[in-house]
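Comments concern the structure below.
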Amino acid sequence: EAGVAQSPRYKIIEKRQSVAFWCNPISGHATLYWYQQILGQGPKLLIQFQNNGVVDDSQLPKDRFSAERLKGVDSTLKIQPAKLEDSAVYLCASSLWAASLKETQYFGPGTRLLVL
Amino acid sequence: GDSVTQMEGPVTLSEEAFLTINCTYTATGYPSLFWYVQYPGEGLQLLLKATKADDKGSNKGFEATYRKETTSFHLEKGSVQVSDSAVYFCALSSDTPLVFGKGTRLSVIA
């Protein structure tokens, strides 16, 4: 079974530029998550989708971050404009159901973003 | 809100040493508890989990027991290998998506 795919793996941009990350979850997984992992910290949830609907985006900085999952499969996370403090690893994860939040989440390899 | 506290690293051990990484939590309700591992250059992988009190999760020689009375989920391994060098994250999920600790970096030297 293929795992969660993410691209690109690495991205370097200057502040105020925009950037987009892509995620393709495990086939059949209804729930998709985006996390931000700043160096030396644990991942922090940005947004959770159930199929193509947003379940939780309470920690997403909506003035600069946006995410979509139009067809309920793959997803894009965008930052516009980027700030220095956005330098982090952006992790995508998926799980079979959202009905139980205790469902195991499977993580992709992440996209490492450096904002200069 | 829910939170996870795990011991700060880095932890450096010799091969075949005994490993303990402490993890305690604060949560409402009855959370499930997880240990995730992140090998260099790779994404997070689920190592083990426990869904109710007194459950023991185990995988690859690692174990952790869900202790409700002490709100703990300490990770243990009897004999570590160089290949166990990684960052280990304790996490919980109750009424919210996963909440992670800050991670503990383990280095095992031959």
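Sequence lines set the chain letters: A, B, ... in the order given, protein chains first and strands last, and positions in each chain run from 1.
- Heavy-atom neighbours of K62(A) NZ from other residues, nucleotides or ligands within 6.0 Å: above the threshold of 12.
- Note that the CG atom of L98(B) and the CD atom of Q48(A) stand 9.5 Å from one another [nearest 0.5 Å].
- Around CD of E42(B), the count of heavy atoms belonging to other residues, nucleotides or ligands within 6.0 Å exceeds 12.
- The disulfide bond (SG atoms under 2.5 Å apart) pairs that include a residue from residues 50-90 of chain B are C23(B)-C90(B), where partners are two or more places apart or lie in different chains.
- Pairs passing the disulfide bond (SG atoms under 2.5 Å apart) check and including a residue from residues 40-85 of chain B, sequence neighbours excluded, do not occur.
- Both V54(A) and F65(A) sit in one connected hydrophobic cluster of ILVMFWY residues. Membership requires side-chain heavy atoms under 4.5 Å apart, directly or through other members.
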Residue pair Y35(A), L44(B): steps toward the side-chain contact (heavy atoms from CB on, under 4.5 Å) verdict: CA-CA 11 Å; Y35(A) 289 85; L44(B) 286 165; over 6 Å; no
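- The choice from G42(A), G110(A), P43(A) that makes the most heavy-atom pairs within less than 4.5 Å of chain B is P43(A).
- Hydrophobic clustering, with ILVMFWY side chains joined whenever heavy atoms are under 4.5 angstrom apart, groups L13(B) together with I21(B).
- No part of Q6(B) comes within reach of chain A, as not one of its non-hydrogen atoms sits under 4.5 angstrom from that chain.
- The environment of Q17(A) atom CD is dense: over 12 non-hydrogen atoms of other residues, nucleotides or ligands sit within 6.0 angstrom.
- In this structure, Q80(A) places its CD atom where only 12 or fewer heavy-atom neighbours from other residues, nucleotides or ligands lie under 6.0 Å away.
- For chain B, no part of R112(A) is nearby; none of its heavy atoms comes within less than 4.5 Å.
- Heavy-atom neighbours of chain A within the stretch residues 100-110 of chain B, taken at a separation under 4.5 angstrom, comprise F100(B), G101(B), K102(B).
- The same ILVMFWY cluster, assembled from side-chain heavy atoms under 4.5 Å apart, contains both Y39(B) and L75(B).
- Proximity to chain B at a heavy-atom threshold of 4.5 Å picks out L91(A) from residues 83-93 of chain A, in numerical order.
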Check the pair Y106(A), Q45(B) against side-chain contact (heavy atoms from CB on, under 4.5 Å), reporting the backbone distance first and the verdict last. CA-CA 7 Å; Y106(A) 298 87; Q45(B) 300 175 25; over 6 Å; no
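- Under the 4.5 Å side-chain heavy-atom criterion for grouping Ile, Leu, Val, Met, Phe, Trp and Tyr, M7(B) is connected to V37(B) within one hydrophobic cluster.
- Residue Q6(A): no heavy atom, backbone or side chain, is found under 4.5 Å from chain B.
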Run the numbers on Q37(A) and F89(B) for side-chain contact (heavy atoms from CB on, under 4.5 Å), then give the verdict. CA-CA 12 Å; Q37(A) 185 180 11; F89(B) 292 91; 3.1 Å; yes
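- Residue V80(B) is grouped with residue V11(B) when hydrophobic side chains (ILVMFWY) are merged at heavy-atom distances under 4.5 angstrom, including chains of intermediate members.
- Within 6.0 Å of CG on L116(A) lie more than 12 heavy atoms contributed by other residues, nucleotides or ligands.
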